[in-house]
Amino acid sequence: METARERKTAAIVLAAGHGKRMQSEVAKQFMELQRKPLLFYSLKAFEESTVDTVVLVTGKEEISYCQKEIVGKFGFQKVSQITAGGKERYHSVYAGLLALSESGFPPDGLVLIHDGARPLVTGEIISRAVEGAAKYGACAAAMPVKDTIKVADEDGFCAATPKRSMLWQMQTPQAFSFALILDAYKRLFSGEEYQKDVTDDAMVVETMTDSRVKLILGDYSNMKVTTPEDMAVAEALLLRRNSM
C-alpha cells in the first residue's frame, strides 16, 4: 500500500459564500483579520504543508480579485487553479473536484476539502487529515462536544439526550481518496432528490457510498468564522498563537 507521502495530494479551499450572518457588505472570506484577508490564513497553512496543489473555489466575480490581491500579492505558489463555485457549498465542492479531474489529478490521489472561513487550521491538522485519508480512504477533522446536546421535538420540548461521549462537532479539512469523493459527488448530482440537507462532505460519502468516515482530531481553535462575534474570537486566538 502506498503511503501518504507517495500519493499526490490536493486541497480544495472553499471561498464562494457571502456569509449573510456576518452583516457585512464584504464577503466574510475577504474581511480583514490582523490586516490580512481571512482567506489568507487557510491558504498560508496549505502553502506551508505537504499538500502538492491547491484549488481555490470562489465566486465568479471574485476570481480576478483572488488572483491579484490574494494569490499574487502573497505569493501562494501552490494555488494552481481558481475556479467559480455555485449556489450551495456542495456545488462549490463539486466544481473543485471537476477542476482537479480535468487537470489530470490521479484517481489514487488524496483530496482535502477545507472551508476558507476556518482561518486557524494548522499544519498538524492538515497532516493528520492526509494520513487519515491514506489509511482509511475517508476522514474528517472533528472534536468531542463540550456541552450536553438535546434533541427537541416539533414543539420545542426536550425529546432525547444523546450520550455526550459519542457526539463530535465536525470541522474541516475533510479528506478522501480522490476516486471515492469524486464518485460520491457524481452520484449526488445524479438526482436532485439526493441533494437535500447536505451539510458536509462526510455526509455525501456516508449516503452515496458504502464507505465509512474516520473522525480524526481537529482543534477547538479551528473554528468557522460566521458572525461578527466569531471575528473577535478568531483575532484573539490568532494573537495568542502568534505570541507563543
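FYI, side chains are in, hydrogens and waters are out, and symmetry mates aren't considered; it's all heavy atoms of this structure. Numbers for residues simply follow the sequence, beginning at 1.
- Remark: Lys44 pairs with Glu48 by the salt bridge (charged side-chain N to carboxylate O under 4.0 Å, His left out) rule, at least two apart or across chains.
- With hydrogens and angles ignored, the 3.5 Å screen pairs no side-chain donor or acceptor of Gln171 with any backbone N or O of Ala140.
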Begin with the C-alpha distance, continue with both residues' side-chain angles, and end with the deciding distance and a verdict on side chain to side chain contact (heavy atoms under 4.5 Å, CB included) for Leu56 and Cys66. CA-CA 9 Å; Leu56 175 58; Cys66 285; 4.0 Å; yes
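- Atoms CZ and CD1, on Phe30 and Ile70 in that order, are 5.0 Å from each other to the nearest 0.5 Å.
- Remark: the backbone N or O of Gly218 is not paired with any side-chain donor or acceptor of Asn222 at under 3.5 angstrom.
- Ser165 pairs by the side chain to side chain donor-acceptor pair (under 3.5 Å) definition with nothing, not counting sequence neighbours.
- Taking CD of Glu131 as the start and CD1 of Ile126 as the end, the distance is 13.0 Å to the nearest 0.5 Å.
- Nearest approach of Ser92 to Gly85, heavy atoms of both residues: OG-CA, 3.4 Å.
- Residues that satisfy the salt bridge (charged side-chain N to carboxylate O under 4.0 Å, His left out) test with Arg241, not counting sequence neighbours, are absent from this structure.
- The cluster map of Ile, Leu, Val, Met, Phe, Trp and Tyr, joined by side-chain heavy atoms under 4.5 Å apart, puts Met231 and Leu43 in the same cluster.
- Residue Asp201 comes nearest to Gln174 through the heavy atom pair N-OE1, 3.3 Å, listed as atom of the first residue, atom of the second, then distance.
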What do the steps show when you test Ser211 against Leu180 for side chain to side chain contact (heavy atoms under 4.5 Å, CB included), and what is the final call? CA-CA 9 Å; Ser211 296; Leu180 172 65; 3.4 Å; yes
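- For Ser101 (side chain) and Leu97 (main-chain N/O), no donor-acceptor pair under 3.5 Å exists by modelled atom type.
- Closest of all the heavy-atom pairs between Gly96 and Ile12 is C-CD1, 3.6 Å.
- Proximity of Val13 to Leu39: side-chain heavy atoms (C-beta onward) are separated by under 4.5 Å at one or more points.
- Separation of atoms CZ (Phe176) and CG (Asp183) is listed at 13.0 Å; rounding is to 0.5 Å.
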Assess whether side chain to side chain contact (heavy atoms under 4.5 Å, CB included) is satisfied between Arg128 and Leu217, documenting all intermediate values. CA-CA 8 Å; Arg128 287 196 290 270; Leu217 277 178; 4.1 Å; yes
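- Annotation: side chain of Asp52 is not in contact with side chain of Lys78 (no heavy-atom distance under 4.5 Å).
- Across all their heavy atoms, Ala95 and Ala84 have their closest contact at CB-O, 3.5 Å.
- Between Phe76 and Phe46, the ring centre distance reaches or exceeds 6.0 Å.
- Enclosure of atom CZ in Phe189 by more than 12 non-hydrogen atoms of other residues, nucleotides or ligands within 6.0 angstrom is indicated.
- Cluster membership check: Val121 shares its hydrophobic cluster with Leu112, using side-chain heavy-atom separations under 4.5 Å among Ile, Leu, Val, Met, Phe, Trp and Tyr.
- Tyr220 and Ile125 are members of different hydrophobic clusters when ILVMFWY side chains are connected at heavy-atom separations under 4.5 Å.
- For Glu154, the CD atom is loosely surrounded, since the number of other residues' heavy atoms within 6.0 Å does not exceed 12.
- Both tests do not hold together for Lys73 against Phe40: distance to the six-membered ring centre under 6.0 Å, angle to the ring axis within 45°.
- In this structure, CG on Asp147 lies 7.5 Å from CZ on Arg164, to the nearest 0.5 angstrom.
- Here Gln34 pairs with Glu235 under the side chain to side chain donor-acceptor pair (under 3.5 Å) rule; sequence neighbours left out.
- Counting all heavy atoms, side chain and backbone alike, Met223 lies closest to Val233 at SD-CG1, 3.6 Å.
- Under a 3.5 Å cut-off, the side chain of Thr58 and the backbone N or O of Ala15 do form a donor-acceptor pair.
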Test Tyr185 against Val204 for side chain to side chain contact (heavy atoms under 4.5 Å, CB included), laying out the working first. CA-CA 7 Å; Tyr185 265 89; Val204 176; 3.8 Å; yes
Assess whether side-chain hydrogen bond (donor to acceptor under 3.5 Å, both in side chains) is satisfied between Thr161 and Lys150, documenting all intermediate values. CA-CA 5 Å; Thr161 307; Lys150 296 287 186 179; 2.8 Å; yes
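- Separation of atoms CE (Met170) and CE (Met143) is listed at 12.0 Å; rounding is to 0.5 Å.
- For the atom pair CG of Leu237 and OG of Ser221, the computed distance is 6.0 Å after rounding to the nearest 0.5 Å.
- Ser49 contributes a side-chain N or O that, together with a main-chain N or O of Val51, makes up a donor-acceptor pair within less than 3.5 Å.
- With hydrophobic clusters built from ILVMFWY side chains whose heavy atoms lie under 4.5 angstrom apart, Tyr136 does not share a cluster with Val213.
- Defined by atom type and a distance below 3.5 Å, a donor-acceptor pair is present between the side-chain atoms of Thr227 and Glu229.
- Using a 4.5 Å cut-off on side-chain heavy atoms (C-beta onward), Gln29 and Pro37 make no contact.
- Residues Val54 and Ser80 are not in side-chain contact: their nearest non-hydrogen atoms beyond the backbone lie 4.5 Å or more apart.
- Considering only heavy atoms from C-beta on, Leu110 comes within 4.5 Å of Val130 through its side chain.
- Across all non-hydrogen atoms, the minimal contact from Pro106 to Lys8 is CG-CB, 3.7 Å.
- Here the side chains of Leu238 and Leu120 are in contact, with some heavy-atom distance below 4.5 Å.
- Note on ring orientation: taking the six-membered ring where Trp is involved, the planes of Phe178 and Phe105 are perpendicular (angle over 60°, cut-offs 30° and 60°).
- Within the 4.5 Å cutoff, the side chain of Asn242 has no heavy atoms near those of the Leu239 side chain.
- A 4.5 Å side-chain heavy-atom check between Ser177 and Asp108 finds every atom pair outside the cut-off.
- The side chain to side chain donor-acceptor pair (under 3.5 Å) search around Lys60 returns none, not counting sequence neighbours.
- Note: the hydrophobic cluster containing Met203 does not contain Trp168 (ILVMFWY, side chain heavy atoms under 4.5 Å, direct or indirect links).
- Contacts of Asp115 classified as salt bridge (charged side-chain N to carboxylate O under 4.0 Å, His left out), with partners at least two apart in sequence or in another chain: Arg89, Arg118.
- The side chain to side chain contact (heavy atoms under 4.5 Å, CB included) with Leu100 is formed by just one residue from the set Thr83, Leu182, Val55; it is Val55.
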